[in-house]
Amino acid sequence: MAGLEVQIGDLKFKNPVTTASGTFGYGTEYKDFIDLGALGGIFVKGTTLEPRQGNDYPRMAETPSGMLNAVGLQNKGVDYFINHLYPEIKDYDTNIIVNVSGSTIEDYVTTAEKLADLDKMPAIELNISCPNVKEGGMSFGVSCESAAKVTRAVRDVFPKTLIVKLSPNVTSISEIALAVEGAGADSVSLVNTFLGMAIDIESKKPKLSTITGGLSGPCIKPIAVRMVWEVYNTVKIPIIGMGGISNWQDAIEFILAGSTAIQVGTYNFIDPTASVKIIEGIEEYLDRHRITSVTDLVGQMRI
């Protein structure tokens, strides 16, 4: 039987399949559908220093082969997470990783410091790429200088595995990846959603209250795979790939392009058991091709 274990920084995953932040809640919402312990990891809902109400409704709209969202990092803040949510999820038999966002560098730093004290919180995913907030978020992830600055500031206070989530809404995602690697990131995750919009032609109004929102789902997969490949050929740190993954074939494609691990996002809404099916499919593929470890497949696209 093929080995599915992978490593990101100092963090070991039992398999390369994880769930993307914002699509899986805190895991508790899915425990009636799957064994959460089967997953390589769960990236929990975006967390900020202070509570956020999120954006006004409507904030979701279906698109061909995807969806637009403008939720806007709705959450009850890091202190609520530590006191009420962490005790519920800390003993799940998988890696629990908090997605951290902020409006200022100080917000990111303070939130990361608080999470560093949690024994069973081995990593954070630094979200410098959310397109659905007015302050912070994607503004940190669109230039090498700002991306490196926030990464370095968090690196100084967070001793555990630091993953930085990159925006695809840039001229060169490879340059951003190189900048955060130089600032101390242990890994990069990509891609976050693409900036998009949709219009109701009868009312002549945008379908989202924020006018624009983040596009995700199978429609973005070919662009996401290309960006993973570009980053893989630029940096030395591991990549966690995402963007339209809906089955094990998609996951293998991302791994061949250079992903050490993958995140399943929008498809969780369609099939809550998708992640477990993807794990099984990867294992069968490795056995069929007589590949002893999934790590032997990373970046092995033949040109």
Side-chain angles (χ1 to χ4, degrees), residues 7-11 18 20-22 43 46-49 73 97-113 115-116 123-195 214 220 223-243 254 257-263 298-299:
Q7 187 154 335
I8 303 287
D10 294 329
L11 187 57
T18 70
S21 172
F43 287 77
T47 302
T48 52
L49 183 59
L73 298 174
I97 300 160
V98 181
N99 179 282
V100 173
S101 193
S103 299
T104 66
I105 290 179
E106 291 73 22
D107 287 353
Y108 281 99
V109 168
T110 305
T111 304
E113 280 182 310
L115 294 170
I124 59 173
E125 182 182 47
L126 201 62
N127 185 359
I128 60 171
S129 52
C130 179
N132 302 319
V133 291
K134 293 176 182 175
E135 297 177 329
M138 193 171 74
S139 64
F140 287 109
V142 295
S143 84
C144 294
E145 185 180 358
S146 57
K149 192 173 182 180
V150 67
T151 301
R152 193 173 294 110
V154 172
R155 175 79 289 171
D156 287 344
V157 300
F158 191 79
K160 303 177 184 179
T161 299
L162 177 60
I163 302 159
V164 180
K165 188 170 186 176
L166 304 183
S167 170
N169 301 296
V170 294
T171 304
S172 173
I173 196 167
S174 297
E175 289 181 4
I176 307 289
L178 201 58
V180 301
E181 179 184 42
D186 295 305
S187 171
V188 286
S189 58
L190 60 141
V191 298
N192 208 327
T193 55
F194 289 82
L195 199 58
I220 73 169
I223 315 173
V225 171
R226 183 262 297 174
M227 288 186 164
V228 164
W229 175 71
E230 288 178 344
V231 171
Y232 177 75
N233 285 288
T234 304
V235 302
K236 294 181 172 62
I237 54 177
I239 297 165
I240 303 173
M242 75 195 92
F254 270 85
S259 300
T260 295
I262 59 101
Q263 293 182 14
V298 176

Worksheet item: Counting N and O atoms only, with roles assigned by atom type, does the side chain of Thr48 sit under 3.5 Å from a partner on the main chain of Gly102, one being a donor and the other an acceptor?
Response: no

Worksheet item: Counting distance only, does the side-chain N/O of Asn127 pair as donor-acceptor with the main-chain N or O of Leu166 below 3.5 Å?
Response: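 Checking the backbone N and O of Leu166 against the side chain of Asn127, no donor-acceptor pair under 3.5 Å is found.
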
Between [atom1] of [X] and [atom2] of [Y], what distance do you get to the nearest 0.5 Å?
X: Ile163; Y: Leu190; atom1: CD1; atom2: CG; result: 12.0 Å
X: Thr151; Y: Asp156; atom1: OG1; atom2: CG; result: 11.0 Å
X: Cys144; Y: Lys149; atom1: SG; atom2: NZ; result: 14.5 Å
X: Thr111; Y: Leu49; atom1: OG1; atom2: CG; result: 4.0 Å
X: Asn169; Y: Phe194; atom1: CG; atom2: CZ; result: 7.0 Å
X: Ile173; Y: Leu178; atom1: CD1; atom2: CG; result: 12.5 Å

Shortest non-hydrogen contact from [X] to [Y]?
X: Pro238; Y: Thr260; result: CB-OG1, 3.7 Å
X: Ser167; Y: Gly141; result: CB-O, 4.5 Å
X: Thr193; Y: Gly214; result: OG1-CA, 3.3 Å
X: Tyr108; Y: Val100; result: CE2-O, 3.5 Å

I'd like to check [X] versus [Y] (side-chain heavy atoms, cut-off strictly below 4.5 Å). Are they in contact?
X: Ile105; Y: Phe140; answer: yes
X: Val298; Y: Tyr232; answer: yes
X: Phe43; Y: Asn99; answer: no
X: Val188; Y: Ile237; answer: yes
X: Thr47; Y: Ser101; answer: no
X: Ile8; Y: Ile240; answer: yes
X: Ser189; Y: Gln263; answer: yes

Using salt bridge (Lys or Arg N to Asp or Glu O under 4.0 Å) as the criterion, list what pairs up with [X], not counting sequence neighbours.
X: Glu230; result: Arg226
X: Arg152; result: none
X: Asp186; result: Arg155

Item to complete: Please identify each residue that fulfils side-chain contact (heavy atoms from CB on, under 4.5 Å) with Leu11, with sequence neighbours left out.
Response: Phe13, Asn95, Ile97, Pro122, Ala123, Thr161

Discussion item. Among residues at least two apart in sequence or on other chains, which ones pass side-chain contact (heavy atoms from CB on, under 4.5 Å) with Phe254?
Written reply: Lys221, Ala224, Val225, Val228, Ile245, Ser259, Ile262

Worksheet item: Who pairs with Ser146 by side-chain hydrogen bond (donor to acceptor under 3.5 Å, both in side chains), at least two apart in sequence or on another chain?
Response: Ser143

Worksheet item: Got a sec, which residues hit side-chain hydrogen bond (donor to acceptor under 3.5 Å, both in side chains) with Ser21, two or more places apart in sequence or on another chain?
Response: none

Worksheet item: Under the salt bridge (charged side-chain N to carboxylate O under 4.0 Å, His left out) rule, what pairs show up with a residue in residues 159-184, not counting sequence neighbours?
Response: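 Residue pairs passing salt bridge (charged side-chain N to carboxylate O under 4.0 Å, His left out), neighbours aside: none found.
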
Item to complete: State whether the number of non-hydrogen atoms from other residues, nucleotides or ligands found under 6.0 Å of Asp10 atom CG is greater than 12.
Response: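 No, the 6.0 Å shell around CG holds no more than 12 heavy atoms from other groups.
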
Worksheet entry | Candidate list Val180, Thr104, Ile128, test side chain to side chain contact (heavy atoms under 4.5 Å, CB included), partner Val150, passing option | Ile128

